[in-house]
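Quick notes on the structure that follows.
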Amino acid sequence: MTRLENLFYDIKDLLYVVQRNFENLPETYVVGEHDDLDLFCADENKLPILAILSKYPEIKADVRSAKDKYYPEHIGQMMLEDRDRIGIFIFVPNKRGHFFSLFYHNAVHKKGNPYGEKLKQLFLENFPPVKCVDEGVGYYIDDTD
């Protein structure tokens with residue numbers, strides 16, 4: 001196992017999710033210019049995760065929990081209560097939790113809409129488009145918008 005896989009093995013029994021940019025896990029957490037691992041966890045698991053991370057100084061990571069008020073409480077709960085899994089030990093938000101947490105992060109913590117395309121993709125995955133029966137209503141779903 002790689003060091004990154006070892007980290008995820010070590011935290012597998014704790015309540016956490018990788019918040020975003022998890023497309024290349026478990027090989028790497030680097031996605032484009034994003035070069036750290038963003039974890040969100042239950043309040044009681046923050047200190048244990050930080051202690052485990054100290055054994056992996058080469059892995060850049062941010063760890064947030066509800067007490068940090070990084071998200072409104074209901075978004076954090078949504079992410080932790082209904083998680084998906086990548087492989088055996090990596091937990092990520094389900095599509096709905098990923099959409100709402102990324103939308104909030106993009107709208108509140110970021111400038112310039114860096115996650116615009118990803119948000120559009122997640123929105124359409126969560127809410128698949130339907131073609132209105134009224135022919136006067138446009139339908140413009142494609143990759144060029």
Side-chain angles (χ1 to χ4, degrees), residues 1-130 132 137-145:
M1 277 198 298
T2 67
R3 296 276 291 159
L4 185 57
E5 290 170 317
N6 286 336
L7 166 66
F8 285 114
Y9 179 81
D10 288 350
I11 65 173
K12 72 181 180 342
D13 296 325
L14 301 174
L15 185 56
Y16 81 91
V17 292
V18 178
Q19 298 175 65
R20 58 188 161 272
N21 301 312
F22 44 75
E23 297 84 51
N24 297 329
L25 289 175
E27 290 77 26
T28 182
Y29 54 86
V30 176
V31 177
E33 294 181 18
H34 187 270
D35 66 348
D36 66 345
L37 187 62
D38 292 305
L39 303 177
F40 186 82
C41 64
D43 289 326
E44 65 272 12
N45 293 145
K46 186 173 181 177
L47 289 178
I49 288 173
L50 289 170
I52 291 167
L53 274 165
S54 71
K55 297 188 316 187
Y56 301 92
E58 73 281 9
I59 298 175
K60 290 172 46 177
D62 291 324
V63 182
R64 313 277 188 207
S65 72
K67 285 183 182 174
D68 298 324
K69 300 196 182 304
Y70 191 74
Y71 295 112
E73 187 176 335
H74 59 285
I75 292 177
Q77 286 175 337
M78 179 190 322
M79 292 170 62
L80 294 175
E81 288 175 0
D82 197 9
R83 307 177 295 170
D84 285 344
R85 189 188 324 237
I86 295 174
I88 299 172
F89 343 105
I90 303 171
F91 293 97
V92 299
N94 66 17
K95 285 181 184 178
R96 191 177 202 95
H98 187 206
F99 173 75
F100 285 109
S101 64
L102 190 61
F103 188 92
Y104 183 88
H105 178 64
N106 191 64
V108 175
H109 301 143
K110 295 293 180 184
K111 191 173 190 177
N113 195 26
Y115 290 100
E117 286 303 311
K118 181 67 174 178
L119 286 168
K120 179 179 178 181
Q121 173 195 345
L122 284 168
F123 181 84
L124 294 174
E125 287 175 9
N126 277 285
F127 307 101
V130 294
C132 182
V137 174
Y139 187 77
Y140 304 102
I141 301 299
D142 63 37
D143 295 332
T144 60
D145 288 349

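Looking at heavy atoms from C-beta onward, Leu39 lies in side-chain contact with Val18 at the 4.5 angstrom threshold. No side-chain heavy atom of Glu125 sits less than 4.5 Å from a side-chain heavy atom of His98. In this structure, Ile86 and Phe22 have side chains that are in contact, with non-hydrogen atoms separated by less than 4.5 Å. In this structure, Phe40 and Leu80 have side chains that are in contact, with non-hydrogen atoms separated by less than 4.5 Å. Contact annotation: the side chain of Tyr71 never approaches that of Met78 to less than 4.5 Å [non-hydrogen atoms, C-beta and beyond]. Here the side chains of Phe8 and Pro26 are not in contact, with every heavy-atom distance at 4.5 Å or above. Contact check for His105 versus Arg20: side-chain heavy atoms found under the 4.5 Å cut-off.
Judged by the 6.0 Å distance and 45° axis criteria, Lys120 is not positioned over the aromatic ring of Phe123.
A distance of 5.0 Å separates CG of Leu15 from CZ of Arg83, quoted to the nearest 0.5 Å. Between atom CZ of residue Phe100 and atom CG of residue Leu119 there is a gap of 11.0 Å, rounded to the nearest 0.5 Å. Separating the CG atom in Leu25 from the CD atom in Glu27 is a distance of 8.0 Å, to the nearest 0.5 Å. Rounded to the nearest 0.5 angstrom, Asp10 CG and Ile49 CD1 are separated by 11.0 Å. Atom OG of Ser101 is separated from atom CG of Leu122 by 8.5 Å, given to the nearest 0.5 angstrom. To the nearest 0.5 angstrom, Thr28 atom OG1 is 7.0 Å from Leu4 atom CG.
Residue Ile52 comes nearest to Leu7 through the heavy atom pair CG2-CD1, 3.8 Å, listed as atom of the first residue, atom of the second, then distance. Across every non-hydrogen atom of Ile59 and Arg3, the tightest pair is CD1-O, 4.1 Å.
Listed by chain and number, the residues in a salt bridge (Lys or Arg N to Asp or Glu O under 4.0 Å) with Asp68 are Lys46 (sequence neighbours excluded). Residues passing the side chain to side chain donor-acceptor pair (under 3.5 Å) test with Asn94, sequence neighbours excluded: Asp82. Glu81 meets the side chain to side chain donor-acceptor pair (under 3.5 Å) test with no other residue; sequence neighbours excluded. Residues satisfying the side chain to side chain donor-acceptor pair (under 3.5 Å) criterion with His74, sequence neighbours excluded, are absent altogether. Remark: Glu73 pairs with no residue by the salt bridge (Lys or Arg N to Asp or Glu O under 4.0 Å) rule, at least two apart or across chains.
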Can you check side chain to side chain contact (heavy atoms under 4.5 Å, CB included) on Tyr70 and Gln19, steps first, answer last?
CA-CA 11 Å; Tyr70 191 74; Gln19 298 175 65; 3.2 Å; yes
Run His109 and Tyr104 through side chain to side chain contact (heavy atoms under 4.5 Å, CB included) and show every step you take.
CA-CA 8 Å; His109 301 143; Tyr104 183 88; 3.9 Å; yes
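Side chain of Asn24 to backbone of Val30: a donor-acceptor contact under 3.5 angstrom is found. At distances below 3.5 Å, at least one donor-acceptor pair connects side-chain atoms of Tyr16 with backbone N or O atoms of Phe91. Judged purely by atom type and a 3.5 angstrom limit, Asn45 has no side-chain atom pairing as donor or acceptor with the backbone of Leu14. Panel note: side chain Arg96, backbone Phe99; no donor-acceptor pair is recorded below 3.5 Å. Formation of a donor-acceptor pair under 3.5 Å by the Asn126 side chain with backbone atoms of Lys95 is found in this model.
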Output a table of donor-acceptor pairs, distance under 3.5 Å, between side-chain atoms of residues 60-67 and any protein atom two or more places apart or on a different chain; print 'none' if there are none.
from  : atom 1 : to    : atom 2 : distance (Å)
Lys60 : NZ     : Asp35 : OD1    : 3.3
Lys60 : NZ     : Asp35 : OD2    : 2.7
Ser65 : OG     : Asp43 : OD1    : 2.7

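With a 6.0 Å radius and a threshold of 12 heavy atoms from other residues, nucleotides or ligands, Tyr56 has its OH atom above the threshold.
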